[in-house]
Amino acid sequence: MTNQANPEQGDAAQDLAGKHIVLGLSGGIACYKSAELCRALIKAGATVQVVMTEAAAQFITPVTLQALSGRPVYTSQWDAREPNSMAHINLSREADAIVIAPMSADFMAKLLHGRADDLLSLMCLARPIASVPLLVAPAMNREMYAHPATQRNFLQLEADGATVLGVGTGFQACGETGDGRMLEPDQLLEDIIAFFTPKVLAGQRVLITAGPTYEAMDPVRGITNRSSGKMGFAIARAAREAGADVTLVAGPVALPTPRGVTRVDVRSAVEMHEAVMARASQAGIFIATAAVADWRPASPADRKIKKDGSKSTPQLEFVENPDILAAVASDAATRGTPYCVGFAAESHDLVENASAKRLRKKVPLLVGNVGPDTFGQDHNALLLIDANGHLELPLAPKRVLARRLVQEIASRVRSVRSVGSAKALP
Ligand code: C5P
């Protein structure tokens, strides 16, 4: 989670604020990861009610989950704490979602047959299917995972209305290596947040540039800038959460790839230009957040430039880099797609400078922000400028802003597409 100023204060974006999650644990060694998931859900703003099977309680104690969730854990349908003695009804009616993590192969088989011989399976069967989604995170040995019965059960579970969150690949507790590990808690959290996000970009292909570029002077030195890539990565994540198929062309940054996003790493502006031009014609939306170097050394040395004892300094000549956004926007002007969004970091007169840049770049939407103070920070404020005027998105975590921006882009794309093409917009 990138936006945490202080881990103890929780996730600044509070992505799950107001959501009540019933977290169900069935038996498996992956139960140890569920403790971390429980904590992550709470940090993201959710309230969490834990329900465990008897088998799960062999792997991790209810006391641990009670301490982390701040609520007594339910393990039995005979729990006397419920005045009406109907824990399965009461717990499932309160939930915004039931998340089973881990879901063992045996527990999945139980769900499929509608069996209800313990509280967790009983609660899943009793949930109002239209209003309480069921998300499951399988965890099992690779042979169990690959077994035709298991694969058949996944399909049936989805046909019955559950969302199967996928599995990880790698070293397993049994000592074997393969598919079937439970996803990591931060991956599950990203998937749960995405699940709740309205799919305003469903069916859209979105291409995004992010980060700085690095222009080599020789094999060990180069020129770059202070862009952290955080805003572009947050937009990639928000676009994926909103249902888009996202490709992120990233300059050299040390940020984790958002889940479900295809990442293409590049170094120089020329490489970024090539990577973008090869993909732009298939994209419906292009968002250029990268801080692309305007110039590059005309002829980088192929060996390290050495001090030679004389006092002479190297003389660098520069050539201009391609303007990636302008190139995509120019193609879009004839083709009508992709819908292009530019960024501008300005130190002063944001409205005037960003408005002028929008016209110069010939893009329908330009997003201004004040730099360099926000570079590398987790917060930002944005100014959206289009043909109709401007809209301020005040200071907020970059992830919150990214989500708002994605909604704004989606509504503009919808109205552009409904009247024909993006050609005439700037
Ligand atoms: O011209 P300037 O760099 O201020 O414009 C910023 C916008 O143009 C950003 O969206 C940036 O990603 C994009 N840009 C680009 N290729 C360049 C320079 C800027 O795509 N060579």
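Remember, it's 1-based here, ligands and their atoms both numbered in the order they're listed. Bear in mind that the values here come from a model prediction, so they are computed numbers and not experimental data.
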R279 and T247: side chain donor to acceptor below 3.5 Å: no
Residue Q66 excluded, over 12 heavy atoms near CD under 6.0 Å: yes
Ring pair (Phe, Tyr, Trp, His ring centres under 6.0 Å) pairs, two or more places apart, involving residues 245-297: none
Protein residues that have a heavy atom under 4.0 Å from any atom of ligand 1, sorted by chain and number: A288, T289, A290, V292, P322, D323, I324, L325, G342, F343, K357, K361
Steps toward side chain to side chain donor-acceptor pair (under 3.5 Å) verdict (Q204, D245): CA-CA 6 Å; Q204 289 284 349; D245 174 352; over 6 Å; no
S26 side chain vs F107 backbone, donor-acceptor pair below 3.5 Å: no
Heavy-atom pair with the smallest gap, counting every atom of S69 and V48: CB-O, 3.6 Å
